[in-house]
Number of protein chains: 2
Amino acid sequence: MKKRITIKDIARMANVSHTTVSRALNNKSRIRTETKERILSIARELNYQPDFIARSLVMRRTKTLGLVITTIANPFYTELAQGIETTARGLGYNIILCSTQNDLLNEKQYIDMLRSKGVDGIIFTSAQLGDPNICALAEEGFPIILVNRRTYHPVVKERVDYVGVDNTLGGFLAVEHLVRLGHKRIGMIGGSSESSVGFERLEGGKRAFETYQIEKRDEYFVEGDFLKESGYQGARRFLKMAEPPTAIFATNDYMALGAYQAILEEGVKIPEEMALVGFNDIEFTSMKGIELTTIGQKKFEMGALAVKMLVERVEGGEMKPLGKEVLLKPELIIRRTCGFHLKGYQIDSRKRHGVNHIISEARHPK
Amino acid sequence: MKKRITIKDIARMANVSHTTVSRALNNKSRIRTETKERILSIARELNYQPDFIARSLVMRRTKTLGLVITTIANPFYTELAQGIETTARGLGYNIILCSTQNDLLNEKQYIDMLRSKGVDGIIFTSAQLGDPNICALAEEGFPIILVNRRTYHPVVKERVDYVGVDNTLGGFLAVEHLVRLGHKRIGMIGGSSESSVGFERLEGGKRAFETYQIEKRDEYFVEGDFLKESGYQGARRFLKMAEPPTAIFATNDYMALGAYQAILEEGVKIPEEMALVGFNDIEFTSMKGIELTTIGQKKFEMGALAVKMLVERVEGGEMKPLGKEVLLKPELIIRRTCGFHLKGYQIDSRKRHGVNHIISEARHPK
DNA sequence: GACCATTGTGTTATCGTTAACGCAAAAGGA
DNA sequence: TCCTTTTGCGTTAACGATAACACAATGGTC
């Protein structure tokens, strides 16, 4: 393999010291324009590529971020990751991908590896509720940010920024929609218990029950784990009841799709005999033949925002107040599986969400 | 932020030189077992984490690979990426994600960046046919591997390994299936012209025409670009013909889905009045309400294999013959959109593909 | 013209590792 | 016992960049 060209090679050719070359390349002051031009042209001629490793060693900056994700084999995370990667690139950063399969030990190992490799910060897209790894990083003050899922741990809330969708509002919108369509018996399928988002979506749903004074029945809540199968099983349980719900809100689209399948298998018609709402608006939900009503969120923008906030934190030093929370507005997307026949309704529902996002006060403004 | 612990700190505590610490940590010879134990226990106690940046600077190895992909917002690439990332991690490597949006300039910039950051090798998942960036790397001898799409450039074929599915066979299987179902008028929708896979799939289809002596009609071939919309437009063109095809083979699933939509909009029934086959078997194709007949390929395994081959190349030095080609066997997956009513047929078709993959002879065995 | 600030450049240290080399002490062989 | 080899360390030099400091040469001010 060819020998790498270093600043010393350039220095030799330009008859200057390597420091001068460094100054020229980094556009520093205290250098004559003429010398700079000469050096730069030689660099260009030799097709010089700076060695980031050497630079990182002395600067203690790598322009690289870690992205910790349960699995990218899930369109929701994929879109998020796309937003993250694209934005990072725009800011001059690269992304190291880490898929943990939701295993805390994997996560720990990835974190150690990322830190060994000197990443400037880490983005967590699927924090578990009491995640000890994240707590440790937060306590230490290492630059991280949470997207999508969060942790309610006080230290994390105090020192780590978060960006996500307003899941409580989303859950509320989903159930409100069903209520407005006249449903009184509404089944809900929860997400996995270690995730904040499932919890919040259910909370939002319950709040809608209260607002519209619908009776809350325990048997109409089943637990899920965000996977299709659990949605399938949940729906089956509902369908077998003496008095089954007339509508189901699944706290994510995969479970909604599982429910969809269970419902069809029972010969029950969607939406006539059973309404269905999901959450996330991942790609397949809009496809001909499925057309799931769901709660949409701006996944790409969410990822983009997270990167921007993290980079600002990394580059801006410690001065910024931490513990900021950005909640993006969710949007009700009405399709075939419930409410699509209602004209005008859709427009109405869109109008309500003109605001793009709310930034809550930093917890420690001082 | 806390000060980093270095081998010098350990050295001081253990009353040895830092070199000795390095020897202990790297399990080198020429060190007393006793000293080694002592050093290791101190390292553990201090929770020492090695600095990969410093190590990389001297070793010229980063244990990091670049993954160049058009976009991960496509379930096909996502599964591939998952296989790549998981396998890389198992081998002690990290992955830097680069999504080029199929733009050669982006690709070039990413490659420069990756090399500046010292990656040990690069995986290309979506090489364009005459990709100059890849040619340049191949000529220079930089360790790369192509997965999925390839280049027919002689230098690349000679010096770069490739792993992909046997697309020609896949195309053949798709069309053969339609022929066996009795179709004589079969429309094909091609992929984007800068991709090898679309081309090969069409070739396979044409070969099936020849084998079964079906008349090839020019108007039954339309170009596409692998996106849904182009499948939609292609199918519309077919449907408007005086004598439309009775079956369509789209060279990927997204286009098949676009076609699906166009067909339904015309009120034509699937599969009774129009059969449909796709390619890739991405997740949504199996979903209730879609159930697309398609050609499946082992995406995860493909990615895994690519990483293994690249790492072998990187670690094994220059001794291995290059230009190896691994072609995985595609599999016909019969679902609702054509042929599912034929009992026994499915089993028959599966039986044919017992072999897992073929490794072609290295082109330069010497 | 004397004095001080600014500019342009080189010298040397530094980041945290591994690697080459040196050298005494221990071990082995005759 | 003497010589040679091996073992167990330490010393010093890389790797390729930035940064602190030194120091002439220039420029501006009075």
Side-chain angles (χ1 to χ4, degrees), chain A residues 1-40 42-43 46-64 92 112-113 115-120 315, chain B residues 1-40 42-43 46-64 112-113 115-120:
Chain A
M1 196 140 10
K2 271 189 298 191
K3 198 193 157 293
R4 197 179 184 99
I5 288 154
T6 73
I7 52 171
K8 291 192 181 170
D9 298 321
I10 301 177
R12 212 173 307 122
M13 295 201 58
N15 260 317
V16 293
S17 78
H18 68 276
T19 309
T20 307
V21 176
S22 174
R23 273 192 277 260
L25 292 170
N26 292 297
N27 211 12
K28 292 252 169 107
S29 60
R30 281 164 155 268
I31 184 169
R32 217 165 59 208
T33 335
E34 191 193 272
T35 344
K36 176 153 70 175
E37 295 299 331
R38 185 158 47 93
I39 291 172
L40 288 180
I42 292 177
L46 294 181
N47 190 27
Y48 167 77
Q49 301 289 128
D51 186 322
F52 270 74
I53 299 177
R55 175 182 295 175
S56 298
L57 185 58
V58 41
M59 305 249 283
R60 308 267 80 192
R61 279 280 155 75
T62 53
K63 288 270 183 180
T64 305
D112 286 347
M113 183 63 102
R115 299 200 57 183
S116 266
K117 292 200 173 169
V119 294
D120 297 338
E315 296 183 348
Chain B
M1 193 143 9
K2 272 189 296 193
K3 198 193 157 293
R4 198 180 182 99
I5 288 155
T6 73
I7 52 171
K8 291 191 181 170
D9 299 319
I10 301 178
R12 212 172 308 122
M13 294 202 58
N15 261 316
V16 293
S17 77
H18 69 276
T19 309
T20 306
V21 176
S22 173
R23 271 193 278 258
L25 292 170
N26 292 297
N27 210 12
K28 291 254 168 106
S29 61
R30 280 165 160 269
I31 184 169
R32 219 164 58 207
T33 335
E34 192 194 271
T35 346
K36 175 153 68 176
E37 295 298 332
R38 186 158 46 94
I39 291 172
L40 288 181
I42 293 176
L46 295 182
N47 189 30
Y48 167 77
Q49 301 289 126
D51 185 322
F52 270 73
I53 299 177
R55 176 181 296 175
S56 297
L57 184 58
V58 41
M59 305 250 283
R60 309 267 79 191
R61 279 280 154 77
T62 52
K63 288 268 182 181
T64 306
D112 287 346
M113 182 63 101
R115 298 200 59 183
S116 267
K117 292 201 173 169
V119 295
D120 298 338

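Just so it is clear: chains get the letters A, B, ... in the order the sequence lines come, proteins before strands, and each one is counted from 1.
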Response to the item:
Residues at least two apart in sequence or cross-chain that pass side chain to side chain donor-acceptor pair (under 3.5 Å) with A:N27, listed by chain then number, are A:K36
Worksheet item: To the nearest 0.5 Å, how far apart are OG1 in A:T20 and CG in A:N15?
Response: 11.0 Å
Practice prompt. Check whether any side-chain heavy atom of A:I5 lies under 4.5 Å from a side-chain heavy atom of A:N47, and answer yes or no.
Written response: no
Worksheet item: Rounding to a whole Å, what distance do you find between A:L57:CG and D:dA14:P?
Response: 17 Å
Fill in: A:D9/A:R12 salt bridge by N-O under 4.0 Å criterion
yes
Discussion item. Looking at every non-hydrogen atom in both residues, tell me the closest pair between B:L40 and B:A24 and how far apart they are.
Written reply: CD2-O, 4.0 Å
Worksheet item: Taking DNA chain C as the partner, which of residues 29-38 of chain A come within under 4.0 angstrom of it by heavy atom?
Response: A:R30, A:I31, A:R32, A:T35
Fill in: Spatial distance of atom CE (A:M113) from atom CD (B:Q49) [nearest 0.5 Å]
10.5 Å
Worksheet item: What's the spacing between B:R115 CZ and A:F52 CZ if we round to 0.5 Å?
Response: 14.0 Å
Discussion item. Could you tell me how far apart A:I7 (CD1) and D:dC15 (P) are, to the nearest whole angstrom?
Written reply: 12 Å
Response to the item:
Heavy-atom closest pair (B:I53 atom, A:G118 atom, distance to 0.1 Å) is CD1-CA, 4.1 Å
Item to complete: Please report the shortest heavy-atom distance between B:I7 and B:H18, naming the atom on each side.
Response: CD1-O, 3.8 Å
Worksheet item: What residue pairs, at least two apart or across chains, pass side-chain hydrogen bond (donor to acceptor under 3.5 Å, both in side chains) with a residue in residues 50-64 of chain B?
Response: A:D51-B:R60, A:R60-B:D51, A:K117-B:T64, B:T62-B:D120
Worksheet item: Under a 4.0 Å heavy-atom cut-off, which of residues 46-54 of chain A touch DNA chain D?
Response: A:Y48, A:P50, A:D51, A:A54
Worksheet item: What are the 5'-most and 3'-most nucleotides of DNA chain C lying under 4.0 Å from any heavy atom of chain A?
Response: C:dT7 to C:dG16
Worksheet, complete the sentence: Tightest non-hydrogen contact, residues B:S116 and A:P50, listed as OG-O, 2.8 Å
Worksheet item: Is any side-chain heavy atom of B:R38 less than 4.5 Å from a side-chain heavy atom of B:T35?
Response: yes
Worksheet item: Between residues 9-25 of chain A and DNA chain D, which residues have a heavy-atom gap below 4.0 Å?
Response: A:H18, A:T19, A:S22
Item to complete: Mind checking B:K8 for me? I need base, sugar-phosphate or nothing, with any heavy atom below 4.0 Å counting as a touch.
Response: base
Practice prompt. Determine the minimum heavy-atom distance between A:Y48 and A:L25, stating which atoms define it.
Written response: CE2-CD1, 3.5 Å
